[in-house]
Amino acid sequence: MKKLLLILLSSVVAMGVVAQNQQPAQKNTSVRIALHNSTQQNQIIPREIYGQFAEHLGRCIYGGIWVGEDSEIPNEKGYRVDVLEALKALKIPVLRWPGGCFADEYHWMDGIGPREQRPKMVNTNWGGTVEDNSFGTHEFLDFCELLGCEPYVNANVGSGSVEEMAKWVEYMTSDADSPMANLRRKNGREKPWKVKYLGVGNENWGCGGNMTPEYYSDLYRRYATFCKNYSGNRLYKIACGASDYDYNWTDVLMRRVGNQMQALSLHYYTVMDWGRKGSATQFNVDDWYATMGKCVEIETVLKRHCEIMDRYDPSRRIGLLLDEWGTWWDEELGTVRGHLYQQNTLRDAMVAALSFNIFHKYTYRLKMTNIAQMINVLQSMILTRDDEMVLTPTYYLFKMYAAHQGAEYLPLHFESAKLRDKNRREVELLSATASRAEDGTITVSLANVDVENECRVTIALDDDKKYSVKGSILSAGTIDAYNTFDKPNEVKCENFTSFTSEKGSVEVVLPAKSIVSLTLK
Ligand code: AHR
């Protein structure tokens, strides 16, 4: 019996799996990149994988993006100049708006015409805040033009009518001599906008109407029928998808809606326990690993939703869009309840890195993701306080990873040491991804999840070239480091030089709790 136990124990250690708190010292790891993959078709990482989400929630729109033309905060036609410039550097491909739960209470006609005449409403989902509708369709679509990104408009199914949705599409995209196009012209916009992405409801299994998948499928078919392609604009219609582990929702939608949708959405948050989410800034090493465990569980979730979609749609015509994801912590003390304001530490950046490393693998089906949310809400890029602005660790991670946008996904092969977190989830201590841009530049991003030990990685490429390498790193002295308005540079991207390049390989030493991106030319 004792002998059997010893054998079992030694085989567990050999696999690199250790129990919680017993961290293995990182060994040398070899990462092989297959540059010439003859069996697989080129898989491109759509730019939209790096999408954003801005809801009428807390200070995401008001105070975050929009301060109005009369504000003392420097603005361009009402948009904060500091925020706009910082966002441009992220090369944002797509922005989802106006919600979230807000979408299914939003009536777009309240947000057009002279601002002082727009009716007010109460934002019942998010703190009962009064919404004055000063940021509406024109303000959003013009903002997307300024940012140079695609708009993703999420329309109202839960409390809106088919007519209302159909007219919104006409208002935004038609160039005809038609009632809605003429109303748009009257409101100051002569030419229609291009609006590709149209969401037909949000979380209709919950805040969007508490519907069954069968009922929603029928509604989707009806609403989508009346959303037309005007004046050369081609809509990409997105059906409301499942939350996390609700595989039945995906199954029913695929069966009953099928080809009537271009994509199906999915929401997955890195949240430990909806009742006790935990502090964004006060946590220990066990919490760090538990967060990573929950974060990487998205791989199982994506895989299962993809498998269901594959059964109904083997040619992969219908996209899967993860249009809400990210960390969700307790709201910061002293902030308005329901505004979901949270700080953002190195842990959040690590979550983003592990998430993207997984997302890239599934881009054969996964066509867009939208982190929740862009400014001042949940896992944001930017926090603002009056006229001040601070960039979060997640912002820097998005900037580091921008090189993967639109590049060819390169499969990696490696074995990582693993541990079990306090919830018995398995966490690999090394996470990595690679892609090749059109000009041949290879970007390799490596995340060392280990909070104590550095990790020596040999990147082996199946060619003879000696690459010229440049690197950047995101790390900090402690796992809970974050940027504040007083200390805005505690966590930021820095130059990284801890590597050597030989013919066909690059050797790199990753410090503990760090994310490194290398460009190989
Ligand atoms: O992102 C915050 C909220 O989370 C969204 O409004 C909703 O769709 C989800 O439940």
Side-chain angles (χ1 to χ4, degrees), residues 51-62 64-65 94-106 121-129 131 135 140 152-160 197-211 213 216 220 238-246 249 263-275 277 280 294-295 298 301 320-332 335-344 348 351-352 355 368-383 392 394:
Q52 297 281 341
F53 171 34
E55 178 166 11
H56 287 242
L57 195 181
R59 293 185 300 109
C60 185
I61 303 286
Y62 301 108
I65 297 173
V94 59
L95 178 59
R96 177 173 182 244
W97 171 87
C101 294
F102 181 79
D104 284 276
E105 279 198 337
Y106 183 60
M121 68 179 281
V122 172
N123 192 333
T124 61
N125 285 292
W126 306 119
T129 304
E131 160 70 55
F135 190 94
F140 171 65
Y152 168 178
V153 173
N154 206 124
N156 181 347
V157 169
S159 70
Y197 298 108
L198 180 75
V200 182
N202 167 75
E203 295 196 350
N204 300 96
W205 38 261
C207 64
N210 283 309
M211 303 174 195
Y216 171 75
Y220 172 89
I238 302 152
C240 159
S243 169
D244 315 84
Y245 314 91
D246 183 358
W249 185 279
L264 183 59
S265 71
L266 173 68
H267 291 177
Y268 183 92
Y269 282 97
T270 296
V271 61
M272 297 304 123
D273 173 345
W274 286 101
K277 302 185 190 78
K294 173 68 185 180
C295 162
I298 191 157
V301 171
L320 178 63
L321 313 188
L322 181 68
D323 61 9
E324 285 185 32
W325 68 276
T327 55
W328 194 322
W329 308 116
D330 291 341
E331 296 182 76
E332 190 162 301
T335 60
V336 180
R337 295 304 81 173
H339 281 194
L340 311 187
Y341 180 88
Q342 67 188 38
Q343 251 296 355
N344 194 298
D348 296 83
V351 165
S355 300
M368 183 194 295
T369 85
N370 308 76
I371 191 165
Q373 299 192 5
M374 196 161 70
I375 306 165
N376 291 329
V377 172
L378 300 178
Q379 191 176 350
S380 8
M381 308 298 113
I382 294 175
L383 301 173
T392 66
T394 302

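Order of listing sets the numbers, starting from 1, for every ligand and every atom in it.
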### Query
Shortest non-hydrogen contact from I375 to G64?
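Heavy-atom minimum between the residues: CG2-CA, 3.8 Å.
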Mind checking side-chain hydrogen bond (donor to acceptor under 3.5 Å, both in side chains) for [X] and listing every partner two or more places apart, or none if nothing turns up?
X: Y62; answer: E131
X: W126; answer: E55
X: T124; answer: E105

### Message
Residues around ligand 1, heavy atom under 4.0 Å from any ligand atom, sorted by chain and number. Can you pull those?
### Response
F53, E55, G100, C101, W126, N202, E203, H267, Y269, E324, W328, Q373, L378
#### Entry: C295 side chain near T327 side chain, heavy-atom distance below 4.5 Å
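C295 does not reach T327 side chain to side chain.
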### Query
For the residue pair W274 and Y269, does the interplanar ring angle fall in the parallel (under 30°), tilted (30 to 60°) or perpendicular (over 60°) class?
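Perpendicular, since the angle between the ring planes exceeds 60°.
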